[in-house]
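What follows is one structure encoded as structure tokens, with my remarks underneath.
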Amino acid sequence: MKQKIGMVVGVALILAWCLLPVAWIISLSFKSQTAITNGSPGFFPADGAGAGWQNYQDVWDNEQFRRAIFNSIGISLIATALSVIIATLAAYAIARLEFRGKKLVLTMALVIAMFPVVSLVGPLFDMWRAIGLYDTWPGLIIPYMSFTLPLAIWTLSAFFREIPWEMEQAAQVDGATSWQAFRRVIVPLAAPGVFTAAILTFFFAWNDFVFGISLTSTEAARPIPASLSFFVGADPFNRPASLLAAGAVISTIPIIVIILIFQRKIVAGLTSGAVKG
Amino acid sequence: MTTQTETPVKDRRAAKPVESDRSKAEARLGQKLVAPAIILMLVVTAFPMLRALYLSLFNYSLTAPDDREFIWFGNYAVALTDPLLWKTTGITVLYMVVTVAFELVIGFAFAMVMHRVIFARGIIRTSILVPYGIITVVSGFAWQFAFSYQNGFVNSWIPGLAADFNWFGETTPAVIAIMVSEIWKTTPFMSLLLLAGLAQVSEDMIEAAKVDGATWTQRLTRVILPNMRAAIMVAVLFRALDAYRIFDNIFVMTAGAQNTESISFLTYRQTIEQFQIGIGSALSVLLFLSVLVIAFLIVKIFRVDLADARQEK
């Protein structure tokens, strides 16, 4: 009995930890802008200081913000797709084939996963300006791909190792062509792993801030995190908090949707690639 | 007396296969398949890093690009003798040590609850992923506004604190606020890694210890923790290196004011904001080297075997 109460308390603490700040930012997004300017401390909007959907309306009417959402979705999706394709090829080779340099690939992936991103920003800034990639979509897609490859390669190679590849031959013995064996047997087995890697890659690209602020200068390619941080910059200590909160909530919606649909896969992917102690 | 988690003895390399045409073809295919990944990773990391190394030897600023001048290790001398660098390195190490320590303890507690709990598992898993998935910048904003005395709620929730206490007016409270945001966002990730490690500790062993009369503390420190060593060390290594790169939260919450600047932030400020490519490149190289040193120290001190942890022998 005592243990059960302990469990309930523990669960309540975890839920509070995870969701309280989210509840706070949602609550903040409903405070009216005049209340924010005058100062309105407290978790919930005070009486008469609520704004309804006004902040969301204002954020959505902001051309730069809409453009940033569009950039973020486009850049993240393209980077995810390309990164997962390249990582799948590499992970297949690592899990299934014997070749020299296998260890090099894994070591390199490890080093890059730990790389201090900021130390690349200077030289990349310089290079991208020289070759015209500065402030363009590809200028962000390329670094995102490089930095998500390690995670994708790990997750996928851990996953591919578990696949019973003999089933491919078994299917061929049963009369399937190699293409059929691949499509009907291997693809369904490998798809969940590929999918998990894609979700984790998307999270990374969506979250990135350092490249987003350093390698863009206009709304042509600026992603959401960068755009949010530049949303009225003059006085960093008195920002239009409720507007920003509304923007933050909008930018979190895609993440929440992905988590709600795929939570089981994300947890499996996070832990399979990184730790198998 | 520690019992290590079993490592599969799977040494494929020991028995060197005879170089047949088939194995040669396999090797060629393997190398072809990993080539795009290698090239891409090198283009964005190794090449710019070498370029940074080269540029760091020049006195070079984008505001006066024609005055570029080769000065050997002048930039390094300037950077290393500047107290600012040491101050920011100190504060960065502080961020790293404190956040990882808190994340480890809280993350472990969460992992224990998640491991034992028999109800609401889906809800817990969904919620624990929310901080992980949320944009760091958004987390930074959420906490900055929460700590703000103008529009936040933290001051009114902490008993004995003045309602107009300004968290961002001094170094210590500002650093605490930044750490809170960082810890909030990354503890779930830590707890998931630890949960995976916890799942691999054999229940029989814990049960046996219990039968032998071990107390809860003894079971934890003598059975559970030693058997999770690999998982804990990998989690600490990854999080420590990640925490050392702290940037987003500082940028959003204080913009480096009140001496909250980290080494990453200093490097960014020199290169992107002040266009000092020469000294900025030198800082980039130093940042990279310091990450290598930290990784090396953690691996050596805690004897982390990454290959072992990945079962990649």
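Each chain gets a letter, A, B and so on, in the order the sequences are listed, and its residues count up from 1.
Using a 4.5 Å cut-off between heavy atoms, B/Val130 touches chain A through backbone and side chain atoms alike. If you measure heavy-atom distances from A/Phe147 to chain B, the contacts under 4.5 Å come from the side chain alone. Contacts between A/Phe125 and chain B at a heavy-atom distance below 4.5 Å involve the side chain alone, from C-beta outward. For A/Leu244, the part lying near chain B is the side chain, with the backbone staying farther off; criterion is any non-hydrogen pair under 4.5 Å. For A/Leu89, the parts sitting under 4.5 Å from any heavy atom of chain B are the backbone and the side chain alike. Residue contact with chain A, scored on non-hydrogen atoms closer than 4.5 Å, is absent for B/Tyr54. Of the atoms belonging to B/Pro36, heavy atoms from both backbone and side chain fall under 4.5 Å from chain A. For A/Phe43, the parts lying near chain B are the backbone and the side chain together; criterion is any non-hydrogen pair under 4.5 Å. Neither the backbone nor the side chain of A/Phe204 comes within contact range of chain B; no heavy atoms are under 4.5 Å apart. Neither the backbone nor the side chain of A/Ile199 comes within less than 4.5 Å of any heavy atom of chain B. For A/Leu20, the part lying near chain B is the side chain, with the backbone staying farther off; criterion is any non-hydrogen pair under 4.5 Å. For a residue to count as touching a neighbouring chain, one of its non-hydrogen atoms must lie under 4.5 Å from one of that chain's; by this rule B/Tyr244 does not touch chain A. For A/Val8, the parts lying under 4.5 angstrom from a heavy atom of chain B are both the backbone and the side chain. Residue B/Leu266: no heavy atom, backbone or side chain, is found under 4.5 Å from chain A. For chain B, the nearby parts of A/Ile142 are the backbone and the side chain; heavy atoms of each come within less than 4.5 Å. Looking at B/Phe247, the atoms closer than 4.5 Å to chain A (heavy atoms on both sides) all sit in the side chain, from C-beta outward. Contacts between B/Ile106 and chain A at a heavy-atom distance below 4.5 Å involve the side chain alone, from C-beta outward. Heavy atoms of B/Ile272 lying under 4.5 Å from chain A belong exclusively to its side chain.
Within the 3.5 Å criterion, the main-chain N or O of B/Thr136 finds a donor-acceptor partner in the side chain of A/Asn207. Side chain of A/Gln263 to main chain of B/Leu129: no donor-acceptor pair is present (N/O by atom type, distance under 3.5 Å, no hydrogens or angles). Under a 3.5 Å cut-off, the side chain of B/Ser284 and the backbone N or O of A/Ser119 do form a donor-acceptor pair. Checking side-chain atoms of A/Lys31 against main-chain N and O of B/Asn151 turns up a donor-acceptor pair under 3.5 Å. Side chain of A/Trp206 to main chain of B/Ile135: no donor-acceptor pair is present (N/O by atom type, distance under 3.5 Å, no hydrogens or angles).
Between A/Asp126 and B/Tyr60, the closest side-chain pair of non-hydrogen atoms falls below 4.5 Å. At a threshold of 4.5 Å between non-hydrogen side-chain atoms, the residues A/Met127 and B/Pro48 count as touching. A/Leu120 is listed as a side-chain neighbour of B/Met49, based on a closest heavy-atom distance under 4.5 Å. Counting heavy atoms from C-beta on, the side chains of B/Leu241 and A/Phe115 never come closer than 4.5 Å. Between B/Leu237 and A/Met114, some side-chain heavy-atom pair lies under the 4.5 Å cut-off. Contact annotation: the side chain of B/Phe119 approaches that of A/Val11 to within less than 4.5 Å [non-hydrogen atoms, C-beta and beyond]. Residues A/Phe203 and B/Tyr132 are in side-chain contact: their nearest non-hydrogen atoms beyond the backbone lie under 4.5 Å apart.
Separating the OG atom in B/Ser127 from the CD1 atom in A/Ile259 is a distance of 9.5 Å, to the nearest 0.5 Å. Atom-to-atom distance recorded for B/Ile123:CD1 and A/Leu19:CG is 10.0 Å, nearest 0.5 angstrom. For the atom pair OG (A/Ser229) and CZ (B/Phe141), the distance works out to 6.0 Å, reported to the nearest 0.5 Å. Residue A/Arg96 holds its CZ atom at 8.5 Å from CD of B/Glu26, rounded to the nearest 0.5 Å. To the nearest 0.5 Å, the span separating CG on B/Leu40 from CG on A/Leu82 amounts to 9.0 Å. Between the CZ atom of B/Phe110 and the CH2 atom of A/Trp17 there is a distance of 5.5 Å, given to the nearest 0.5 Å.
Scanning both residues, A/Cys18 and B/Trp184, for their nearest heavy atoms gives O-CZ2, 3.5 Å. Closest of all the heavy-atom pairs between A/Trp24 and B/Gly152 is CH2-CA, 3.8 Å. Taking every heavy atom of both residues into account, B/Phe153 and A/Gly42 meet most closely at CB-C, 3.8 Å.
Atom CD1 of A/Ile253 has more than 12 heavy atoms from other residues, nucleotides or ligands within 6.0 Å. When the shell of 6.0 Å around CZ of B/Phe47 is examined, it contains 12 or fewer heavy atoms from other residues, nucleotides or ligands.
For residues 251-260 of chain A, the set of pairs meeting the salt bridge (charged side-chain N to carboxylate O under 4.0 Å, His left out) definition, not counting sequence neighbours, is empty.
No other option in B/Asn166, B/Ile277, B/Asp242, B/Ile134 has as many heavy-atom pairs under 4.5 Å with chain A as B/Ile134. Comparing B/Leu50, B/Val138, B/Ile118 by how many heavy-atom pairs each has under 4.5 Å with chain A, the most go to B/Val138. Between chain A and the options B/Val117, B/Thr45, B/Leu29, heavy-atom pairs under 4.5 Å are most frequent for B/Thr45. The greatest number of non-hydrogen atom pairs below 4.5 Å with chain B, out of A/Ile14, A/Leu104, A/Ile256, is found for A/Ile14. Counting heavy-atom pairs closer than 4.5 Å to chain B, the top-ranked of the candidates A/Ile213, A/Ile224, A/Val121, A/Val210 is A/Ile213. In terms of non-hydrogen atom pairs under 4.5 Å with chain A, the most contact-rich of B/Ser281, B/Gly122, B/Ala146, B/Ser290 is B/Ala146. For the set A/Pro225, A/Gly10, A/Gly122, the entry with the most heavy-atom pairs within less than 4.5 Å of chain B is A/Pro225. For chain A, the option among B/Thr187, B/Asn155, B/Val285 with the highest count of heavy-atom pairs below 4.5 Å is B/Thr187. For chain B, the option among A/Pro143, A/Ala93, A/Pro41, A/Gly101 with the highest count of heavy-atom pairs below 4.5 Å is A/Pro41. For the options B/Arg28, B/Gln31, B/Met114, B/Glu273, heavy-atom pairs under 4.5 Å to chain A are most numerous at B/Gln31.
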Should B/Met41 and A/Ile153 be marked as a side-chain contact (heavy atoms from CB on, under 4.5 Å) after you check the CA-CA gap, both sets of side-chain angles, and the distance that decides it? CA-CA 12 Å; B/Met41 290 194 278; A/Ile153 290 176; 4.2 Å; yes
CA sep, side-chain torsions, deciding dist, call: A/Phe99, B/Val34, side-chain contact (heavy atoms from CB on, under 4.5 Å): CA-CA 10 Å; A/Phe99 61 97; B/Val34 295; 3.8 Å; yes
Please determine whether side-chain contact (heavy atoms from CB on, under 4.5 Å) holds for the pair A/Val118 and B/Arg245, giving the CA-CA distance in whole Å, both sets of side-chain angles, and the decisive distance to 0.1 Å. CA-CA 8 Å; A/Val118 171; B/Arg245 301 181 284 197; over 6 Å; no
